[in-house]
Amino acid sequence: MPIHPRESDPAVPDPADPAPEGAVRPPRGDLPRSGPPTGPGSDTDEEPGPDAAGGPAPSEDEPTAELKELEDRWRRALADLDNLRKRHARELERERTAERSRTAAAFLPVLDNLELALTHAGSDPGAIVEGVRAVRDQAVNVLELLGYPRHAETGVAFDPARHEVVGVVQDPDAPPGTVVEVLRPGYGDGERQLRPAAVTVAKRE
């Protein structure tokens, strides 16, 4: 096929042709470029973001992670406190059991002497009284060793912390307000008092 030379368009000037006389050809440097725009108003002059200046921005999950860590520490503290409470309860129960055992063991000799007194009651009825009195003294001594002394004194001034009045009597030989008779002994003092002594008190005139 024959190739015909392309005819030039007379409306489009050839850059290589000299400009006609009197015509003004724009300089080639003023032609617009297809590259990215530059200049003071271009997007390339925008301020750098936080990622460019200070490294990676803090993650939004950091507060959540801190909250989860605090919650985990709080749960562990609660578990430790509960374990401490349970351990303290077990130790307290062991101490109570040991104290009850010591107290019961202290009264075993008292029971032994009571049985011994009952065994000899048939052969010598008069000896039973002395045996019971000895056992009573032994029991009182055990209570005193445990921290509960016996109070059965007469002729002392009435003390509401140690005495419980169950009667008032007229006794000319006793000063008013003093203990005339002890109906039931008391044991212990202050906060370690088992019970007050039940007494009768001389009447005040």
Side-chain angles (χ1 to χ4, degrees), residues 66-205:
E66 293 180 0
L67 182 61
K68 289 182 178 180
E69 181 182 357
L70 291 176
E71 183 179 359
D72 184 62
R73 293 171 59 184
W74 173 69
R75 292 183 184 277
R76 287 199 301 266
L78 285 182
D80 293 341
L81 181 62
D82 186 62
N83 292 334
L84 179 62
R85 180 185 60 81
K86 292 179 180 178
R87 183 167 63 252
H88 177 70
R90 290 193 299 268
E91 293 177 356
L92 183 60
E93 183 61 27
R94 282 197 297 266
E95 288 295 329
R96 288 175 177 174
T97 302
E99 185 64 27
R100 286 194 296 266
S101 300
R102 287 192 294 266
T103 303
F107 274 96
L108 290 179
V110 178
L111 294 176
D112 294 338
N113 289 335
L114 279 175
E115 292 181 359
L116 185 62
L118 292 175
T119 301
H120 293 84
S123 59
D124 187 3
I128 188 67
V129 177
E130 294 299 326
V132 171
R133 183 178 291 110
V135 172
R136 190 273 315 270
D137 294 340
Q138 186 180 19
V140 169
N141 184 52
V142 169
L143 286 174
E144 186 173 359
L145 291 177
L146 292 174
Y148 304 101
R150 184 173 186 262
H151 297 291
E153 304 86 2
T154 58
V156 298
F158 170 76
D159 185 358
R162 297 171 56 184
H163 300 134
E164 177 185 356
V165 178
V166 296
V168 179
V169 296
Q170 185 73 34
D171 189 348
D173 297 331
T178 58
V179 176
V180 176
E181 182 182 6
V182 177
L183 304 177
R184 186 188 63 195
Y187 294 92
D189 294 305
E191 295 181 355
R192 294 179 56 85
Q193 185 184 69
L194 293 178
R195 71 181 187 190
V199 299
T200 56
V201 180
K203 186 177 181 180
R204 296 182 181 274
E205 296 180 357

With a 3.5 Å cut-off and sequence neighbours excluded, list the donor-acceptor pairs that the side chains of residues 104-117 form with protein atoms.
residue, atom, partner, partner atom, Å
N113, ND2, P109, O, 3.4
N113, ND2, Q138, OE1, 2.3

Listed by chain and number, what are the side-chain contact (heavy atoms from CB on, under 4.5 Å) partners of D82, not counting sequence neighbours?
R85, K86
Quick one: does D189's side chain get under 4.5 Å of R162's, heavy atoms only?
yes
Any salt bridge linking R184 with E164? Criterion: basic side-chain nitrogen under 4.0 Å from a carboxylate oxygen.
yes
R100 CZ: over 12 foreign heavy atoms closer than 6.0 Å:
yes
Write down the atom of K203, the atom of P176, and the distance for their closest heavy-atom approach.
O-CB, 3.8 Å
Indicate yes or no: at least one non-hydrogen side-chain atom of T200 is less than 4.5 angstrom from one of V166.
yes
Tell me whether R192 forms a cation-pi arrangement with Y148, defined as NZ or CZ under 6.0 Å from the six-membered ring centre and within 45 degrees of its axis.
yes
Charged N to carboxylate O below 4.0 Å: is that the case for E71 and K68?
no
Sub-4.5 Å side-chain heavy-atom contact between R90 and E93:
no
Check whether any side-chain heavy atom of Y187 lies under 4.5 Å from a side-chain heavy atom of Q193, and answer yes or no.
no
Which heavy-atom pair separates A202 from P175 by the least distance, and what is that distance?
CB-O, 3.3 Å
Does any non-hydrogen side-chain atom of R150 lie less than 4.5 Å from one of P185?
yes
Between V182 and E153, what is the shortest heavy-atom contact and its length?
CG2-O, 3.5 Å
As an exercise, state the distance from CG of L194 to NE2 of H151, rounded to the nearest 0.5 Å.
10.0 Å
Looking at side-chain heavy atoms only, is the closest gap between V201 and V199 below 4.5 Å?
yes
In short, V180 meets T154 closest at the heavy-atom pair O-CG2, 3.8 Å
Interatomic distance, R94 atom CZ to E91 atom CD [nearest 0.5 angstrom]:
5.5 Å
Examine distances only and state if a side-chain atom of H88 and a backbone atom of L84 form a donor-acceptor pair shorter than 3.5 Å.
no
Would you find a donor on one side and an acceptor on the other, under 3.5 Å apart, between the side chain of T178 and the backbone of V156?
no
Using the side-chain contact (heavy atoms from CB on, under 4.5 Å) criterion, which residues pair with R133? Sequence neighbours excluded.
V129, E130, R136, D137
Roughly how far apart are D80 CG and R75 CZ, rounded to 0.5 Å?
14.0 Å
